[in-house]
Amino acid sequence: MKDNDNLTIERPTFVTHLECAMEGDRYEADEIHNLSKAGKPLLVRYNLAGVKKALTKEALAERPADMWRYRELLPVRKVTDIVSLGEIMTPLIRLPKLAKKLGGGEIIVKDEGRLPTGSFKARGLVMAVSMGKALGIKHMAMPTNGNAGAALAAYATSCGIKTTIFCPADTPEVNVSEIELQGATVYRVNGLIDDCGKIVGEGKAKAGWFDTSTLKEPYRIEGKKTMGLELAEQLGWEVPDVIFYPTGGGTGLIGMWKAFAELEAIGFIGAKRPRMVAVQASGCAPIVRAFENGTEHAPRWEDAHTIASGIRVPQAVGDFLILRAVRESKGFAIAVPDEKISAALNEVAREEGLLLCPEGAATYAAYQQSLAEGRVTKNDRVMLFNCATGLKYPLPPVTRTLDRHQPIEYAKL
């Protein structure tokens with residue numbers, strides 16, 4: 001086995017068509033698409049009976065540990081179209097001290113900050129860009145709160161696709177700088193991410209770019225679903241009892257739900273599903289409000305604000321898909337305030353040595369709250385998603401200093 005076998009060996013492909021997530025009507029594969037005629041996301045469909053015959057657990061285990069190991073369940077047909085910066089299988093990190101402290105079940109963090117560009121956005125964008133390359137797209141544009149724009153810039157630049165990216169004016173400087181440095185043209189916008197999205201949509205005809213916004217193209221879901229494929233494999237083809245997922249646009253939650261269905265269809269897992277929990281911030285919680293109101297769609301959240309900028313999405317195109325996954329799994333949606341997010345980030349870092357991003361910290365805060373309220377039990381094995389490295393975010397200052405000429409009483413240190 002060579003480290004790049006997944007990127008160089010041709011394997012059978014099984015994509016049959018695309019399907020409107022709302023209406024179910026069919027669209028041709030291998031053609032450029034954005035939303036369906038109904039204005040809803042398109043889902044990639046596969047000949048799963050064919051996948052079942054072609055792929056075994058034993059064959060999978062012999063492949064390099066990266067996200068391209070699941071090629072039979074991915075849309076890119078030819079190795080020449082794969083764009084890669086090294087998408088590793090991200091580790092599962094146990095939090096035994098905090099599990100003992102809370103008196104709950106096993107707490108596991110899937111640390112997506114180990115991926116290229118430091119976030120789980122790499123999964124979705126590497127797939128979107130690879131398919132863009134396959135379909136001959138020359139210019140891609142998107143709105144971003146930071147990490148998605150960085151991933152699009154990096155992958156598109158690596159294969160010669162032009163990118164234009166719009167972000168809210170208060171996007172962290174590190175994100176804006178990395179987007180620009182990695183080859184994109186980036187603009188700050190006086191508004192939120194959905195305002196940026198309107199600019200992308202309006203400019204599609206005039207500038208001739210392809211709209212790569214969340215769920216407005218079919219392939220970011222396919223990249224994000226590899227989180228579900230991976231964690232099932234890492235747990236010995238089992239699934240956790242509960243998944244806490246930081247939810248803005250919700251692509252990963254939707255993708256994992258799709259992954260579990262596909263894994264069952266090919267015989268890799270059984271009928272058990274994790275309870276899917278959509279975690280939002282109290283200052284921007286449209287999915288939580290819709291879940292509690294029993295509606296299928298989530299109207300725009302006005303005056304959205306939170307320190308967890310990655311989940312500051314006032315309105316999600318795939319709102320109904322998020323809510324369906326949550327309800328079908330017998331999960332729930334929960335909002336946590338910024339002060340609890342900050343406290344959670346601090347607690348996990350100081351107790352376990354794991355530096356989460358604010359969105360990842362929100363999942364730990366949500367777990368604490370859910371355990372206290374009895375929404376999860378003390379026997380549940382829970383999976384928290386840390387969606388980016390905490391090093392991309394502002395950290396608290398250290399104020400302790402020493403005068404090098406001053407004697408030190410070491411016994412007091």
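Keep in mind that what you see is a predicted model, and the values were worked out from it rather than measured.
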Peer 1: Go through the steps to decide whether Trp237 and Leu263 satisfy the test side-chain contact (heavy atoms from CB on, under 4.5 Å), and finish with yes or no.
Peer 2: CA-CA 9 Å; Trp237 299 112; Leu263 286 174; 3.9 Å; yes
Peer 1: Could you check Gln368 against Leu102 for side-chain contact (heavy atoms from CB on, under 4.5 Å), going step by step and ending with a plain yes or no?
Peer 2: CA-CA 8 Å; Gln368 286 180 302; Leu102 294 176; 4.1 Å; yes
Peer 1: Thr144 and Asn147: which non-hydrogen atoms are nearest, and at how many Å?
Peer 2: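 Nearest heavy atoms, Thr144 then Asn147: OG1-N, 3.9 Å.
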Peer 1: Tyr245 and Phe385: aromatic ring centres closer than 6.0 Å?
Peer 2: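 Aromatic pair counts; centres sit under 6.0 Å.
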Peer 1: What pairs with Asp30 under side chain to side chain contact (heavy atoms under 4.5 Å, CB included), at least two apart in sequence or on another chain?
Peer 2: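 Partners of Asp30 by the side chain to side chain contact (heavy atoms under 4.5 Å, CB included) criterion, ordered by chain and then number, come out as Arg77.
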Peer 1: State plainly whether the residues Lys272 and Glu238 are in salt-bridge range, i.e. N to O under 4.0 Å.
Peer 2: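 Looking at Glu238 together with Lys272, the answer is no, because their closest N to O distance does not fall below 4.0 Å.
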Peer 1: Within the side chain of Gln369, is there an N or O that forms a donor-acceptor pair under 3.5 Å with the backbone of Ala372?
Peer 2: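 Side chain of Gln369 to backbone of Ala372: no pair is present.
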Peer 1: With a 4.0 Å cut-off, would you call Glu106 and Lys378 a salt bridge?
Peer 2: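 Salt bridge: no.
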Peer 1: Can Glu352 and Arg94 be counted as an ion pair, charged N to O under 4.0 angstrom?
Peer 2: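 Looking at Glu352 and Arg94, the cut-off is not met.
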Peer 1: Go through the steps to decide whether Phe332 and Ser370 satisfy the test side-chain contact (heavy atoms from CB on, under 4.5 Å), and finish with yes or no.
Peer 2: CA-CA 10 Å; Phe332 54 92; Ser370 301; 3.5 Å; yes
Peer 1: Does any N or O in the side chain of Glu19 come within less than 3.5 Å of the main-chain N or O of Tyr27, such that one atom is a donor and the other an acceptor?
Peer 2: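 Checked: no pair found.
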Peer 1: May I ask you to decide if the ring planes of Tyr367 and Phe244 are parallel, tilted or perpendicular, using 30° and 60° as cut-offs?
Peer 2: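 Geometry flag for Phe244 against Tyr367: perpendicular rings.
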Peer 1: Do Trp257 and Glu328 have a side chain donor and acceptor closer than 3.5 Å?
Peer 2: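 Yes, a side-chain donor-acceptor pair sits under 3.5 Å.
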Peer 1: Atom CD1 of Ile254 and atom CG of Leu321: how far apart are they, to the nearest 0.5 Å?
Peer 2: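 Here the rounded value is 4.5 Å.
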Peer 1: Compare every heavy atom of Ala21 with every heavy atom of Phe320, then report the nearest pair and how far apart it is.
Peer 2: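 Closest pair (atom of Phe320, atom of Ala21, distance): CE1-O, 3.8 Å.
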Peer 1: Are the side chains of Trp209 and Lys204 in touch, meaning some heavy atoms are under 4.5 Å apart?
Peer 2: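 The answer is yes; the side chains approach within 4.5 Å.
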Peer 1: I'd like to know if the side chain of His305 reaches the main chain of Asp303, judged simply by a donor and an acceptor atom lying under 3.5 Å from each other, with no hydrogens or angles considered.
Peer 2: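 Pair found, side chain donor or acceptor close to backbone of Asp303.
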Peer 1: Please list, chain by chain and in numerical order, all residues satisfying side chain to side chain contact (heavy atoms under 4.5 Å, CB included) with Ser84, sequence neighbours excluded.
Peer 2: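 For Ser84, the residues satisfying side chain to side chain contact (heavy atoms under 4.5 Å, CB included) (neighbours in sequence not counted) are Leu7, Trp68, Ile82, Glu87.
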Peer 1: Pro172 and Asn145: which non-hydrogen atoms are nearest, and at how many Å?
Peer 2: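 Where Pro172 meets Asn145 most closely, the heavy atoms are CD-O, 4.3 Å.
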Peer 1: Mind running side-chain contact (heavy atoms from CB on, under 4.5 Å) on Met127 and Val76 for me, showing each step along the way?
Peer 2: CA-CA 8 Å; Met127 204 62 60; Val76 183; 3.8 Å; yes
Peer 1: Would you confirm whether Ser329, through its side chain, and Val326, through its main-chain N or O, come within 3.5 Å as a donor-acceptor pair?
Peer 2: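 Yes, because the side chain of Ser329 sits within donor-acceptor range (under 3.5 Å) of the backbone of Val326.
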Peer 1: If you compare all heavy atoms of Ser119 against all heavy atoms of Ala388, which two are closest, and at what distance to 0.1 Å?
Peer 2: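 Distance-wise, the nearest heavy atoms are CB-CB, 3.6 Å.
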Peer 1: Looking at Ala148 and Arg220, what are the two nearest heavy atoms and their distance?
Peer 2: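 Closest heavy-atom pair between Ala148 and Arg220: CB-NH2, 3.9 Å.
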Peer 1: Less than 4.0 Å between a side-chain N and a carboxylate O, is that true for Arg123 and Glu222?
Peer 2: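 Salt bridge: no.
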Peer 1: Please check if the number of heavy atoms outside Asn190 that lie under 6.0 Å from its CG is greater than 12.
Peer 2: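 Open.
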Peer 1: With rounding to the nearest 0.5 Å, note down the distance linking CD1 in Ile269 to CD1 in Ile266.
Peer 2: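 The CD1 atom of Ile266 is 9.0 Å from CD1 of Ile269, to the nearest 0.5 Å.
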Peer 1: Could you give the distance from CG (Leu42) to NZ (Lys37), rounded to the nearest 0.5 Å?
Peer 2: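 So the gap between those two atoms works out to 11.0 Å.
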Peer 1: Is Arg300 paired with Glu302 through a side-chain N to carboxylate O contact shorter than 4.0 Å?
Peer 2: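 So Glu302 pairs with Arg300 through a salt bridge.
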Peer 1: If you apply the rule side-chain hydrogen bond (donor to acceptor under 3.5 Å, both in side chains), what do you find for Thr377 with Asn379, and how did you get there?
Peer 2: CA-CA 5 Å; Thr377 75; Asn379 296 318; 4.7 Å; no
Peer 1: Between CD1 of Ile243 and CE of Met227, what distance do you get to the nearest 0.5 Å?
Peer 2: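 Result: 9.0 Å between the selected atoms.
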Peer 1: Could Glu202 and Lys198 be called an ion pair, given the rule that one side-chain N must be under 4.0 Å from one carboxylate O?
Peer 2: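 No.
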Peer 1: Would a distance-only check, ignoring hydrogens and angles, find a side-chain to backbone donor-acceptor pair under 3.5 Å from Arg71 to Ile9?
Peer 2: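 Checking the backbone N and O of Ile9 against the side chain of Arg71, a donor-acceptor pair under 3.5 Å is found.
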Peer 1: Taking 4.0 angstrom as the limit, do Glu262 and Lys225 come out as a salt bridge?
Peer 2: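 Yes.
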Peer 1: Walk me through whether Glu178 and Lys392 qualify under salt bridge (Lys or Arg N to Asp or Glu O under 4.0 Å).
Peer 2: CA-CA 10 Å; Glu178 67 176 327; Lys392 281 194 171 191; 2.8 Å; yes
Peer 1: What's the separation between atom CD in Glu359 and atom OG1 in Thr247, rounded to the nearest 0.5 Å?
Peer 2: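 Interatomic distance, Glu359 CD to Thr247 OG1, rounded to 0.5 Å: 11.5 Å.
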Peer 1: Within the distance-only criterion (no hydrogens, no angle test), does the side chain of Ser342 pair as donor or acceptor with the backbone N or O of Glu339 below 3.5 angstrom?
Peer 2: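 Judged by distance alone, no pair lies under 3.5 Å.
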Peer 1: Looking only at heavy atoms, which two atoms of Pro246 and Cys387 are closest? And how far apart?
Peer 2: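 Smallest heavy-atom distance, with atoms named: CG-SG, 4.1 Å.
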Peer 1: Report yes or no: do Asn293 and Arg289 form a side-chain donor-acceptor pair below 3.5 Å?
Peer 2: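 Looking only at side-chain atoms, Arg289 and Asn293 do not form any donor-acceptor pair under 3.5 Å.
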Peer 1: Run the salt bridge (Lys or Arg N to Asp or Glu O under 4.0 Å) check on Arg69 and Glu233 step by step: do they pass?
Peer 2: CA-CA 11 Å; Arg69 67 199 277 111; Glu233 184 177 3; 2.7 Å; yes
Peer 1: Yes or no on salt bridge (Lys or Arg N to Asp or Glu O under 4.0 Å) for Lys78 and Asp81, after CA distance, side-chain angles and deciding distance?
Peer 2: CA-CA 6 Å; Lys78 299 178 181 178; Asp81 292 322; 5.9 Å; no
Peer 1: Salt-bridged, Glu230 to Lys110, with N to O below 4.0 Å?
Peer 2: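 Judged by the 4.0 Å cut-off on N to carboxylate O distance, Glu230 and Lys110 do form a salt bridge.
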Peer 1: Within the distance-only criterion (no hydrogens, no angle test), does the side chain of Asp338 pair as donor or acceptor with the backbone N or O of Ile307 below 3.5 angstrom?
Peer 2: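 Yes, because the side chain of Asp338 sits within donor-acceptor range (under 3.5 Å) of the backbone of Ile307.
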Peer 1: Nearest 0.5 Å, what's the OG1-NZ distance between Thr163 and Lys138?
Peer 2: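 So the OG1 of Thr163 and the NZ of Lys138 are separated by 14.5 Å.
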Peer 1: Check whether Asp195 reaches the backbone of Leu192 with its side chain - one donor and one acceptor, N or O, closer than 3.5 Å.
Peer 2: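 Confirmed, Asp195 side chain pairs with Leu192 backbone.
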Peer 1: Side chain of Glu217, backbone of Tyr219: donor and acceptor closer than 3.5 Å?
Peer 2: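 The answer is yes, because a donor-acceptor pair under 3.5 Å joins these two groups.
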Peer 1: Before giving the answer on side-chain hydrogen bond (donor to acceptor under 3.5 Å, both in side chains), spell out for Glu112 and Thr90 the whole-Å C-alpha distance, their side-chain angles and the decisive distance to 0.1 Å.
Peer 2: CA-CA 6 Å; Glu112 296 287 285; Thr90 59; 2.6 Å; yes
Peer 1: Is the NZ atom of Lys40 crowded by more than 12 outside heavy atoms at less than 6.0 Å?
Peer 2: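 Enclosed.
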Peer 1: For atom NZ of Lys53, is the number of surrounding heavy atoms from other residues, nucleotides or ligands below 6.0 Å larger than 12?
Peer 2: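 It does not: Lys53 NZ has 12 such atoms or fewer within range.
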Peer 1: Quick one, Arg312 with Asp170, criterion salt bridge (Lys or Arg N to Asp or Glu O under 4.0 Å). Give me CA distance, side-chain angles, the key distance, then yes/no.
Peer 2: CA-CA 12 Å; Arg312 190 182 62 180; Asp170 62 354; 2.8 Å; yes
Peer 1: With side-chain hydrogen bond (donor to acceptor under 3.5 Å, both in side chains) as the test, would you mind laying out the steps for Asp211 and Asn34 before giving the verdict?
Peer 2: CA-CA 7 Å; Asp211 188 343; Asn34 279 116; 5.3 Å; no
Peer 1: Side-chain donor-acceptor pair under 3.5 Å between Asp111 and Asn386, yes or no?
Peer 2: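 The criterion, which ignores hydrogens and geometry beyond distance, is satisfied for Asn386 and Asp111.
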